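Throughout, a chain's letter reflects where its sequence line sits, starting with A, and its residues are numbered from 1. A quick note: this is a predicted structure, and the numbers were derived from the prediction, not measured.
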There are 4 protein chains.
Amino acid sequence: MPFELPPYHEPDFTEECFLHAPNASYEAVQKDGVAPENYHSTSMYPEYFKIDGEWRLAKESRMDACVVLRENGELAVVEARNLKKGDLVMLGRTELGEEGIYLHCHGFREEAPRIADQFVFRQRRSRETSYARDYDKLIELLQYEKEHGTILWVMGPAFAFDADARAAMQALIEHGYADGMMAGNALATHDLEGALFHTALGQDIYTQKSYPGGHYHHLDICNKVRRCGSISQFIEAYQLTDGILCSCVKNQIPLVLAGSIRDDGPLPEVIADVYQAADAMRGLVRKATTVICLATMLHTIATGNMTPSFRVLEDGTIRPVYLYTVDADEFVVNKLLDRGSLCATTMVTNVHDFITRIARGLGVMS
Amino acid sequence: MPFELPPYHEPDFTEECFLHAPNASYEAVQKDGVAPENYHSTSMYPEYFKIDGEWRLAKESRMDACVVLRENGELAVVEARNLKKGDLVMLGRTELGEEGIYLHCHGFREEAPRIADQFVFRQRRSRETSYARDYDKLIELLQYEKEHGTILWVMGPAFAFDADARAAMQALIEHGYADGMMAGNALATHDLEGALFHTALGQDIYTQKSYPGGHYHHLDICNKVRRCGSISQFIEAYQLTDGILCSCVKNQIPLVLAGSIRDDGPLPEVIADVYQAADAMRGLVRKATTVICLATMLHTIATGNMTPSFRVLEDGTIRPVYLYTVDADEFVVNKLLDRGSLCATTMVTNVHDFITRIARGLGVMS
Amino acid sequence: MPFELPPYHEPDFTEECFLHAPNASYEAVQKDGVAPENYHSTSMYPEYFKIDGEWRLAKESRMDACVVLRENGELAVVEARNLKKGDLVMLGRTELGEEGIYLHCHGFREEAPRIADQFVFRQRRSRETSYARDYDKLIELLQYEKEHGTILWVMGPAFAFDADARAAMQALIEHGYADGMMAGNALATHDLEGALFHTALGQDIYTQKSYPGGHYHHLDICNKVRRCGSISQFIEAYQLTDGILCSCVKNQIPLVLAGSIRDDGPLPEVIADVYQAADAMRGLVRKATTVICLATMLHTIATGNMTPSFRVLEDGTIRPVYLYTVDADEFVVNKLLDRGSLCATTMVTNVHDFITRIARGLGVMS
Amino acid sequence: MPFELPPYHEPDFTEECFLHAPNASYEAVQKDGVAPENYHSTSMYPEYFKIDGEWRLAKESRMDACVVLRENGELAVVEARNLKKGDLVMLGRTELGEEGIYLHCHGFREEAPRIADQFVFRQRRSRETSYARDYDKLIELLQYEKEHGTILWVMGPAFAFDADARAAMQALIEHGYADGMMAGNALATHDLEGALFHTALGQDIYTQKSYPGGHYHHLDICNKVRRCGSISQFIEAYQLTDGILCSCVKNQIPLVLAGSIRDDGPLPEVIADVYQAADAMRGLVRKATTVICLATMLHTIATGNMTPSFRVLEDGTIRPVYLYTVDADEFVVNKLLDRGSLCATTMVTNVHDFITRIARGLGVMS
């Protein structure tokens with residue numbers, strides 16, 4: 001059954017409550033990176049602001065950010081740290097129009113019966129949950145997105161520890177199921193270690209055999225890539241052909257690698273300043289229509305917070321953004337939900353099994 | 001690459017240490033169910049006892065049991081609770097011949113390079129481990145065992161919550177990959193609820209939709225089966241055709257259901273006395289050559305303790321018994337290892353994904 | 001701040017809906033252990049049945065059981081397996097009086113602000129939750145219950161692995177904070193191993209040092225107790241003085257030990273038939289006003305299912321029953337909640353730390 | 001029993017193997033941040049290098065770093081990213097003198113019986129382990145370190161969610177049990193939210209009550225601190241008096257806050273560049289003699305990797321560095337061990353209970 005995009009229903013702004021609502025107010029930033037008191041903070045839902053009597057959507061949203069009224073009338077969603085002196089920041093902490101701000105949770109409502117089970121806060125999901133239909137739906141969704149959307153993958157370091165998972169992701173990339181990748185230094189290093197030595201942290205990624213001196217593999221990868229000057233030069237110099245990074249480079253998939261305090265190396269492409277890294281990540285997220293986070297608490301929380309529940313396409317269509325988070329541990333999933341940051345489908349399983357099941361379901365892996 | 005059985009290497013009893021070892025001693029049981037002081041307790045490895053100058057193997061072993069010298073010279077491995085007054089119980093707590101007892105850990109040693117990664121105590125295995133080769137090897141093993149061995153499955157209750165997992169197990173049974181099943185009342189009840197209502201605890205096993213009044217489904221299954229008098233009569237009365245129990249009944253696969261204090265019902269076949277249940281389980285284990293435990297701590301520990309690492313075939317061949325334990329939680333796996341009860345391959349993953357991967361790998365499910 | 005019992009508010013049966021409700025119907029059991037179709041199944045809340053125009057409470061309830069109208073007009077709550085031919089079983093699956101059955105969720109409602117955070121289904125509780133006030137309240141509750149209530153402890157096997165936890169529980173028992181104990185064979189065996197050898201499974205319960213041959217300790221305890229004929233005779237024979245079982249025996253605390261398929265031994269007091277064991281457990285639960293389950297999924301589910309949210313005291317007062325479940329794993333807690341079986345306070349922590357904190361808070365341990 | 005420092009035993013460099021060993025070789029760095037091929041990488045143990053016939057210790061070590069021979073003959077341990085062109089990097093990947101490098105694992109060996117249970121890789125430690133003696137020993141150790149050592153605490157964000165844990169840490173700081181603190185933006189923000197609003201992420205840190213609009217608390221803290229310009233100015237402006245950061249500021253405890261991609265804000269003191277942050281962290285670690293990591297996988301791995309097992313005191317004495325890692329999840333602990341990064345005591349428990357138990361054991365909290 002092919003996937004169909006649910007239609008978006010705008011609020012009916014001819015209703016009394018909207019007509020009588022005041023214009024939203026705003027105040028200029030006095031100091032770079034500091035919002036005025038009573039700033040409004042965004043959610044991942046569509047939010048409308050009444051400006052000069054007209055309700056306008058903040059088009060590229062994210063959680064926990066300020067809304068800035070640009071001179072051209074656009075509403076930009078800006079992290080507090082990126083506010084500049086003079087920016088006009090929208091004020092108000094109500095969400096039903098009282099202060100000219102309307103948060104629209106149910107824009108895809110007619111699809112409730114289908115959409116319903118995506119909203120994980122309605123039910124607990126654990127290792128014991130039946131994900132049979134979630135797999136089928138995700139496979140249909142990815143087939144749709146390959147043609148019409150933008151698929152963004154987010155990966156934790158251990159993802160690259162398994163030969164089959166690595167091959168599955170490579171196949172997905174090569175068959176057009178990846179439009180962006182986000183990870184950290186460790187994932188990239190482990191994957192390149194797989195390409196050069198067929199190991200991860202010195203252990204064979206297929207046989208699990210530990211190599212003597214294998215713990216040097218990891219550090220050697222860092223050192224060799226640094227010597228080469230970049231990941232792509234390293235891949236070329238060593239004529240590497242398999243794995244996630246090779247196929248990203250070969251297929252020109254945009255890649256954001258964010259630094260962390262536990263990094264060895266790091267690889268040259270890794271962004272050391274975490275706020276620049278977050279900005280780069282949001283750069284990819286702004287285009288994404290489906291985001292899939294695999295086995296990483298840190299990157300999943302970061303990504304979840306910057307991923308809105310909707311996307312305004314170039315032709316003006318508003319469609320959902322699908323966010324999946326897959327982890328072996330309910331705690332990771334529950335933690336996200338407790339932060340209120342997600343409107344997502346969560347699946348509790350081993351990500352290696354998950355990705356091979358997806359790749360086989362899509363027919364890109366035998 | 002088809003599976004090949006590793007050869008067993010007997011100890012060389014012509015070595016000095018064996019020749020000079022004393023005969024093993026024994027003592028008669030004075031009271032039913034009580035061993036003499038200094039009784040020897042078994043492991044899951046082959047153990048030899050010197051009787052009248054001859055080293056004899058205790059053929060059907062298990063962990064933590066006594067060894068009884070029968071009148072016919074056979075060495076029976078008997079749980080303490082099953083000892084009878086007059087039974088001759090082997091004495092001694094050394095394992096290298098000092099008291100005429102020899103524990104033989106490395107009988108399949110030549111195969112070390114291949115066998116090695118089965119012995120989980122040599123390395124930690126977690127959700128992050130590469131199981132790529134473990135899957136391949138298990139699939140080869142099951143193909144071999146279908147023809148030459150005896151495959152025993154052990155399941156926790158949540159296994160039946162997922163439509164795909166249930167279908168995968170049904171396909172495995174129907175294609176000859178199951179020679180025995182062990183579970184509890186809950187697994188059986190959930191699976192039959194799936195067959196009659198397409199739910200488990202009231203939630204659809206494919207769509208996850210909760211049915212109004214669905215919590216009665218579970219209790220109704222118990223009640224209906226009890227009214228029918230047996231699982232097979234229930235299946236016939238309601239003309240059920242799918243799921244684990246249906247296919248077990250249809251294919252005459254022996255089934256042991258053990259009771260627990262949390263049971264509703266129970267179903268008529270459930271054995272209320274846990275020690276009778278344990279004896280019935282060991283009855284199946286005695287024939288098994290591969291045992292696979294899925295998502296159950298209680299049954300996995302129980303089964304692990306009664307599963308030896310070897311089997312003496314009818315023609316006298318000694319071969320390994322392969323024990324797999326699959327669970328989403330490292331804690332379950334580690335707990336087993338801390339008890340020293342396992343010589344097993346552990347895989348940390350969602351069992352629903354595991355079983356569909358196996359069923360597809362064996363070509364019995366699309 | 002001393003604990004105060006919240007008052008119970010009966011439904012106002014003079015309201016129209018109750019006056020107009022029909023009498024509840026019932027039907028006689030045709031076959032032992034089988035309920036009639038459309039039987040009503042209980043929850044852990046107070047439930048009233050309209051009999052001859054009068055609303056009567058089923059006084060001693062539990063989850064998932066049938067309600068039998070006795071000849072004396074009493075409403076007994078009976079597990080399906082214990083139904084006898086001729087028993088009059090109440091029928092109906094509605095809960096607001098439509099069929100003469102009323103389920104009363106909010107009897108302790110006025111206390112909502114205080115009671116609120118006991119109802120865990122309103123919020124997720126994890127290892128990261130603040131339990132500061134839960135500790136304070138539980139300590140106040142236990143002080144109250146020591147004088148006016150009945151405290152029942154339920155323990156998993158690992159509880160006895162820690163010297164401090166064992167000493168804390170002993171102190172609680174000796175100071176009157178225990179009126180009943182429920183556990184399995186393993187907990188009892190581990191605790192007695194602590195008393196005789198100062199080990200658990202061969203590892204020192206204070207220093208963690210492993211003793212050579214220590215794995216025999218466990219089996220030796222089983223064997224010695226079986227030889228002695230009972231736990232109390234064993235304690236006397238070996239002049240044991242410390243630990244949970246010693247203090248239970250010395251203080252004549254009722255103890256129910258339920259068997260399971262993984263048991264070694266078992267100890268003579270262990271009840272082999274799990275349904276008899278469940279009946280014995282419910283015997284203790286019927287008197288309990290506070291139940292605390294520590295580190296056991298199996299016993300916690302079993303106990304949770306048989307523990308109602310209220311107790312009718314001898315003077316007719318209806319008071320809450322407080323159920324706590326403490327486990328290091330959110331999964332255990334969430335699993336209970338997913339089964340709908342609990343109206344409980346859950347705390348996610350190491351039970352050894354939990355119990356020493358409680359014992360020190362009550363001033364019974366330094 | 002007061003704590004006593006175990007003596008360090010230097011290798012006996014008069015032994016033949018050391019006398020005959022070649023001098024260690026080295027090679028100059030060609031490019032900033034890139035080590036020569038065959039560079040030696042450090043462990044957390046003492047390592048000696050033979051230079052001009054003399055065995056010299058690399059005094060301030062860490063895992064996975066290069067060793068640079070300075071002009072003054074000192075051996076500096078330098079992360080690859082910090083290498084400068086011309087630095088002389090030691091070469092060789094053997095550890096028993098073959099290439100003039102000797103790794104000394106057992107310098108504190110005579111203390112083996114006491115030290116033993118600190119080396120977690122010898123035994124699995126889980127939520128079920130007895131930590132009774134670990135608590136006693138840690139309390140003795142902290143009493144010793146307060147007088148003679150340097151205590152460094154590392155905290156994950158959830159640590160500040162609990163009123164008692166926060167009070168316990170404050171008491172420890174105020175009584176001299178803290179010489180340094182390392183955390184991220186979230187911990188600091190949550191703790192300051194506790195000081196200003198008595199909440200964490202909008203939930204009361206004692207009663208768990210959620211405040212209306214409480215999700216703004218977190219963002220408001222970030223914004224207010226940014227407006228004030230620094231944490232200490234914020235504390236002064238709002239006259240805050242309780243919690244971890246207040247007592248750090250008041251007692252002039254050095255604090256390193258490292259940034260991450262999931263940060264809101266961030267607070268002004270947070271170091272955005274993760275490698276600068278890592279350098280600042282190592283600055284504190286270089287002085288530490290006991291390091292305790294609480295409920296943070298990221299910071300624990302980072303800290304563990306930069307913490308050596310020994311410290312050279314100003315008077316030349318070599319003593320152990322004690323590293324503790326406390327987390328509710330075995331997976332976090334096991335992950336560290338799988339990376340080989342730790343020579344540590346791990347305790348699996350809720351950190352809120354852990355810290356109150358420590359604070360009460362030290363008599364700084366009632």
Heavy atoms only: give me the nearest C:A163-D:S130 pair and the separation to one decimal.
N-OG, 3.8 Å

One should read off an interatomic distance between D:D134 CG and C:T207 OG1, to the nearest 0.5 angstrom, of 10.0 Å

Could you measure the distance from the CD atom of C:E128 to the NE2 atom of D:H352? Nearest 0.5 Å is fine.
7.5 Å

Can you find a pair of side-chain heavy atoms, one from D:Y131 and one from C:D353, that are under 4.5 Å apart?
no

Measure distances from D:R166 to the heavy atoms of chain C and classify the residue's part below 4.5 Å as side chain, backbone, both or neither.
neither

Who wins among C:D136, C:D329, C:D162, C:T356 for the most heavy-atom pairs under 4.5 Å with chain D?
C:D162

Expected output: side-chain C:N350 to main-chain D:R127 donor-acceptor under 3.5 Å
yes

Considering only heavy atoms, which portion of D:V351 lies under 4.5 Å from any heavy atom of chain C: side chain, backbone, both, or neither?
neither

Determine, stepwise, if the pair C:R133 / D:D204 fulfils salt bridge (Lys or Arg N to Asp or Glu O under 4.0 Å).
CA-CA 10 Å; C:R133 190 179 177 221; D:D204 191 282; over 6 Å; no

Turns out that what part of C:R357 lies under 4.5 Å from chain D's heavy atoms comes down to side chain

